[in-house]
There are 2 protein chains.
Amino acid sequence: MKRHSIAAPFRSRHPHPCDGHLPSDLEPILRQRITETAEATLELNRGEILVHSGEPFKYLYLLLSGGFKAEEIGEDGLSQIVSFHYAGEFMGLSAFAEQRYMVDLIALVPSSVCEFPMAGVQTIIQDDRALLDRLLIYVSDRLMRAEQVQLMLGSMSSTQKIAHFLVDRLEASRRGAQAESRFELPMTRKELGSYLGLSMETVSRLLSHLQEQGVVRVDKRQIEILREDQLRVWLDGVVSLPASSRGKPAAKQALKLA
Amino acid sequence: MKRHSIAAPFRSRHPHPCDGHLPSDLEPILRQRITETAEATLELNRGEILVHSGEPFKYLYLLLSGGFKAEEIGEDGLSQIVSFHYAGEFMGLSAFAEQRYMVDLIALVPSSVCEFPMAGVQTIIQDDRALLDRLLIYVSDRLMRAEQVQLMLGSMSSTQKIAHFLVDRLEASRRGAQAESRFELPMTRKELGSYLGLSMETVSRLLSHLQEQGVVRVDKRQIEILREDQLRVWLDGVVSLPASSRGKPAAKQALKLA
DNA sequence: CGGTCGCTTGATAATCGTCAATTGATGTGG
DNA sequence: CCACATCAATTGACGATTATCAAGCGACCG
């Protein structure tokens with residue numbers, strides 16, 4: 001984990017590395033003040049740990065580029081990825097309650113993050129309550145998403161889970177600059193399985209199955225969505241994973257519904 | 001749903017109905033100010049809906065007595081209970097992001113809640129930022145819990161899920177006034193199943209099984225924990241639900257581990 | 001008193017996890 | 001630079017866990 005300190009003179013002379021990466025709904029004044037409190041940027045390689053669960057909540061992190069997983073660790077050794085983080089997102093928002101991080105934050109791919117000391121954040125909040133308003137909204141937003149993940153984990157079949165994930169990624173990539181229907185997954189099949197509550201093997205089979213049916217094109221971690229409509233059929237729960245494509249009824253079904 | 005307005009003259013002369021129900025970590029000054037903004041208390045019977053998902057976020061609710069479920073509704077008709085709420089808890093905290101409620105809030109048993117108009121809450125926040133700090137903590141606390149539920153849903157077996165739930169309830173009842181190892185469930189088996197990502201039948205079988213082994217006593221919705229140590233063995237994942245107690249190896253296993 | 005609801009229990013079957021073998025990619029040290 | 005180890009991914013065979021279907025029972029309500 002390489003650390004690049006941002007000295008005060010540097011800050012005033014150069015475009016700030018966090019600039020252009022802050023959430024777009026943040027008021028301009030706040031952007032500037034936040035930017036000024038950033039103490040350093042960090043570069044992490046795949047597998048490097050940014051924060052350990054249980055450590056005191058000293059920094060808020062903004063992901064500038066790359067990808068992260070947030071992994072919840074049970075007392076008994078169980079673990080589960082509870083969220084993935086993509087560029088532009090804050091990380092560590094579940095730490096306000098206990099003033100300690102509640103998850104491990106681990107880089108999935110080479111990533112850079114911006115580090116905001118909580119002391120500085122508190123200072124900003126002293127003169128301008130707007131930032132606190134924003135933080136409340138961000139945390140509430142994550143809560144909303146976590147509840148949606150609960151629905152996914154508790155009530156969906158494996159096919160629905162994958163479709164749910166792919167549709168979510170597709171919509172995110174559409175919101176991006178050049179509205180693509182292609183994207184790159186930053187995580188392994190195993191990590192995706194952990195997030196979805198499935199085994200690595202099931203994830204792999206589902207992706208193969210989706211590809212056989214011409215719904216997506218899968219090349220390593222490159223995903224291209226060919227038929228969003230079919231994906232939404234999977235999401236509606238009509239399709240199920242065949243036991244090694246028994247007599248290939250699944251293909252017929254897919255054609256029927258097309 | 002019966003509504004009792006709290007007129008201003010009433011407020012000054014009587015002990016307030018919300019008094020003594022607010023979270024204990026709230027500063028006294030805030031308690032008083034919050035209490036003053038309460039507009040009404042509501043009485044709901046089992047099954048009555050306090051809030052529909054999607055409605056605008058007009059009120060924050062404090063549960064005074066009884067129990068609630070928060071039910072997430074998928075676009076396709078799927079639904080899942082994402083949390084239960086017990087006396088003293090705020091409800092509706094995932095609504096800050098979109099300014100709409102994200103779940104249905106439904107009474108599990110006859111309940112009373114205190115209704116705080118968001119307009120009034122905003123007013124308090126204008127003069128005193130402490131309340132906003134508190135809200136951030138409460139939302140972050142719920143996020144933390146939601147992430148723990150994700151771990152439960154994604155990585156635990158049915159036996160671990162039930163044990164997890166019962167241990168959680170046991171600890172809550174211990175924190176109560178007379179530190180009991182007995183408590184009453186406010187929800188049906190089906191509702192509990194929805195929350196745990198299990199079918200009603202599996203929940204019923206697991207409770208029967210726990211009773212056969214003398215770990216708990218179950219009478220309708222009354223639960224008494226007899227052997228917390230055994231419950232924690234279940235939580236560690238050593239035990240599994242036998243297929244109709246095949247030759248009763250489960251009983252032997254339980255004795256071995258005792 | 002009939003009907004619905006909550007709960008229990010049994011039989012059966014489907015989904016999905018586990019185990020295993022294989023392949024290709026990556027990286028490391030001799 | 002190549003052999004070797006490790007890791008990610010795929011695919012198949014098998015079986016366990018847990019959902020579904022079905023029947024029955026007591027409680028409560030109209």
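Just so we're on the same page: letters track the sequence lines, and every chain starts at 1.
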Gap between atoms NZ and P, on K220(A) and dT10(D) respectively (whole Å): 9 Å
Answer yes or no: is there an ion pair linking R182(A) with E224(A), defined by an N-O contact shorter than 4.0 Å? yes
From CG of D219(B) across to P of dG6(C) the rounded distance in Å is 18 Å
Should S240(A) be listed as having a side-chain N or O under 4.0 Å from OP1 or OP2 of dT15(C)? yes
The side chain of E201(B) is closest to which nucleotide in this list: dG6(C), dC16(C), dC21(D)? dC21(D)
Under 4.0 Å, counting only non-hydrogen atoms across every strand here, what does T188(A) touch: a base, just sugar-phosphate, or nothing? sugar-phosphate
Distance, rounded to the nearest Å, where E191(B) contributes CD and dG6(C) contributes C1': 11 Å
Between V218(B) and K161(A), which has a closest nucleotide on DNA chain C that is more 5'? V218(B)
Near-ring test F68(A)/F84(A), centroid separation under 6.0 angstrom: no
Output the rounded distance in Å from CE (M200(B)) to C1' (dG6(C)). 8 Å
Report the distance from atom CD of E212(A) to atom C1' of dT11(D), rounded to the nearest whole Å. 11 Å
Determine the contact category for G197(A): base if any of its heavy atoms lies under 4.0 Å from a base atom, sugar-phosphate if only primed atoms, P, OP1 or OP2 are that close, otherwise nothing. sugar-phosphate
Decide yes or no, distance alone: a donor-acceptor N/O pair under 3.5 angstrom between the base of dT18(C) and the side-chain of R205(A). yes
Within 45° of the ring axis of Y86(A) and under 6.0 Å from its six-membered ring centre, is that where the NZ or CZ of R169(A) lies? yes
Length of the CZ-C1' vector between R221(A) and dA25(C), whole Å: 11 Å
Looking at every strand, decide which applies to S158(A) at a 4.0 Å heavy-atom threshold: base, sugar-phosphate, or nothing. sugar-phosphate
Look at S204(A) and dA9(D) and indicate whether a side-chain polar atom (N or O) is within less than 4.0 Å of OP1 or OP2. no
Rounded to whole Å, how long is the line connecting atom NZ of K190(B) with atom P of dC5(C)? 9 Å
Quick check: F57(A) with Y101(A) (ring centres under 6.0 Å apart)? yes
Look only at the side chain of N45(B) and the backbone of P110(B), and say whether a donor-acceptor pair between them is shorter than 3.5 Å. no
Please tell me which of the listed nucleotides, dT8(C), dG6(C), dT20(D), lies nearest to the side chain of R189(B)? dT8(C)
Short side-chain N/O contact from S208(A) to OP1 or OP2 of dT10(D), under 4.0 Å: no
Using atom CD of Q222(B) as one end and atom C1' of dG6(C) as the other, report the distance to the nearest whole Å. 16 Å
Assign L207(B) to base, sugar-phosphate, or nothing according to its heavy-atom contacts below 4.0 angstrom with the strands shown. nothing
